Amino acid sequence: MRLAVVIICIIMWENIFPQIDKYYAARNNMVKTQIIDRGITDAATLNALSKVPRHLFVPKENMNNAYADCPLPIGYGQTISQPYIVAYMTEVVNPSKKKKVLEIGTGSGYQAAILAEITDTVYTIEIVPELAKESTERLRQMGYNNIVVKSGDGYNGWPEHAPFDIIVVTAAVTDIPKPLTDQLSENGRLVIPVGGVSEVQELMLLVKKNGKIKKSILTYVRFVPFIRSKK
Ligand code: SAH
């Protein structure tokens, strides 16, 4: 009798929380082995990575790989970045509650969700209209009402909401777009991959101090290319 009750409870639990619980262990394991063990220490970043259900940001057929140590295809030739890179780019821009964020390259919306767990508002621009639409809907369903998605070319930033304390670019540029550095606030931080598609790219950090930009190379990465819209 007791066993029957336990079994019924487990079945009910799995039906009520089907996706959340199934991936809980995988997500914790990802945070421990891929993020903490590689040196990410910022508590807000770790908390966000532990909380956001990454499996809901990838196509169904890839759900079981959502917590693997690699980028994954999200359609339209684009990818969701490797978890460690998302964590690294988040930690390096020093996110905190009152900061205003601009992301260029919404993709699945995962990086935007991670930033929105920590900061007040995230503005994010995606050039592939279908991805902009999908991620808008996904983020709305998940209750992220502090993320605003725009469909379009992010080269010119989002002047109506500038300046931004944080700018995160998740597609590789050959030249850093001037509108983005112009829209960075004093003490603001911009992280951006720089380099060609078939090359290893430099992940650069730009910090604005007394109106001047200071650049540094953080590490080497591989991102999909930054595309320009044809006018
Ligand atoms: N941050 C994403 C990763 C997306 S990959 C995530 O967490 O899933 C990079 C994305 O940048 C792609 O979706 C690509 O379509 C987009 N992109 C490329 N060039 C762009 C541009 N000029 N403006 C806006 N988005 C761009």
Side-chain angles (χ1 to χ4, degrees), residues 27 30 34-35 45 48-49 51-59 62-63 65-93 95 101-119 122-139 142 144 147-159 161 164 166-181 183 190-197 201 203 221-231:
R27 189 159 56 251
M30 170 196 87
Q34 300 174 36
I35 315 293
T45 301
L49 268 284
K51 197 171 158 196
V52 177
R54 183 172 160 95
H55 59 280
L56 300 183
F57 291 81
V58 301
N62 250 325
M63 264 198 185
N65 299 324
Y67 297 94
D69 192 10
C70 56
L72 290 171
I74 54 169
Y76 313 96
Q78 307 304 334
T79 55
I80 177 173
S81 306
Q82 179 191 9
Y84 173 71
I85 292 296
V86 175
Y88 185 85
M89 288 172 83
T90 305
E91 181 175 68
V92 90
V93 291
V101 181
L102 174 67
E103 181 199 24
I104 310 295
T106 318
S108 67
Y110 180 68
Q111 172 79 74
I114 294 290
L115 290 161
E117 287 288 338
I118 309 172
T119 61
V122 177
Y123 295 92
T124 177
I125 307 177
E126 170 55 53
I127 200 164
V128 176
E130 293 86 350
L131 284 175
K133 193 161 169 261
E134 283 171 24
S135 52
T136 302
E137 183 53 21
R138 173 180 297 124
L139 294 164
M142 294 174 86
Y144 285 105
I147 303 177
V148 190
V149 183
K150 181 163 98 171
S151 175
D153 183 350
Y155 185 90
N156 289 311
W158 201 330
H161 297 292
F164 299 97
I166 292 170
I167 301 180
V168 174
V169 183
T170 63
V173 297
T174 41
D175 296 295
I176 297 168
K178 184 166 184 305
L180 298 185
T181 52
Q183 289 171 31
L190 189 169
V191 68
I192 184 165
V194 183
V197 199
Q201 304 140 1
L203 187 67
V221 287
R222 236 174 225 283
F223 273 83
V224 293
F226 194 92
I227 313 159
R228 294 306 315 279
S229 66
K230 298 173 199 82
K231 297 246 171 63

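Since this is a predicted model, take the numbers as computed values, not measurements. Note that the numbering runs from 1 along the sequence shown for the chain. In listed order, ligands and their atoms are each counted from 1.
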Pairs of nitrogen or oxygen atoms, one from ligand 1 and one from the protein, closer than 3.5 Å: please tabulate them with distances.
{"unit_1": "ligand 1", "atom_1": "1 (N)", "unit_2": "Glu103", "atom_2": "OE2", "d": "2.9"}
{"unit_1": "ligand 1", "atom_1": "1 (N)", "unit_2": "Gly105", "atom_2": "O", "d": "2.9"}
{"unit_1": "ligand 1", "atom_1": "1 (N)", "unit_2": "Thr170", "atom_2": "OG1", "d": "3.2"}
{"unit_1": "ligand 1", "atom_1": "7 (O)", "unit_2": "Gln111", "atom_2": "N", "d": "3.0"}
{"unit_1": "ligand 1", "atom_1": "8 (O)", "unit_2": "Ser108", "atom_2": "N", "d": "3.0"}
{"unit_1": "ligand 1", "atom_1": "8 (O)", "unit_2": "Ser108", "atom_2": "OG", "d": "2.6"}
{"unit_1": "ligand 1", "atom_1": "13 (O)", "unit_2": "Glu126", "atom_2": "OE1", "d": "2.7"}
{"unit_1": "ligand 1", "atom_1": "13 (O)", "unit_2": "Glu126", "atom_2": "OE2", "d": "3.3"}
{"unit_1": "ligand 1", "atom_1": "15 (O)", "unit_2": "Glu126", "atom_2": "OE2", "d": "2.6"}
{"unit_1": "ligand 1", "atom_1": "19 (N)", "unit_2": "Ile227", "atom_2": "N", "d": "2.9"}
{"unit_1": "ligand 1", "atom_1": "22 (N)", "unit_2": "Asp153", "atom_2": "OD1", "d": "2.9"}
{"unit_1": "ligand 1", "atom_1": "22 (N)", "unit_2": "Ile227", "atom_2": "O", "d": "2.6"}
{"unit_1": "ligand 1", "atom_1": "23 (N)", "unit_2": "Gly154", "atom_2": "N", "d": "2.8"}
{"unit_1": "ligand 1", "atom_1": "25 (N)", "unit_2": "Ile127", "atom_2": "N", "d": "3.2"}

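- Residues that satisfy the salt bridge (Lys or Arg N to Asp or Glu O under 4.0 Å) test with Glu137, not counting sequence neighbours, are Arg140.
- Here the rule is side-chain contact (heavy atoms from CB on, under 4.5 Å) with Leu49, and of Met30, Arg27, Gln34 only Met30 fits it.
- Cation-pi geometry between Arg228 and Tyr155 is satisfied (NZ or CZ under 6.0 Å from the ring centre, within 45° of the ring normal).
- The stretch residues 70-90 participates, sequence neighbours left out, in no salt bridge (charged side-chain N to carboxylate O under 4.0 Å, His left out) pair at all.
- Contacts of Ser81 classified as side-chain hydrogen bond (donor to acceptor under 3.5 Å, both in side chains), with partners at least two apart in sequence or in another chain: none.
- For the residue pair Tyr76 / Glu126, no side-chain donor-acceptor distance below 3.5 Å is found, with atom types taken as modelled.
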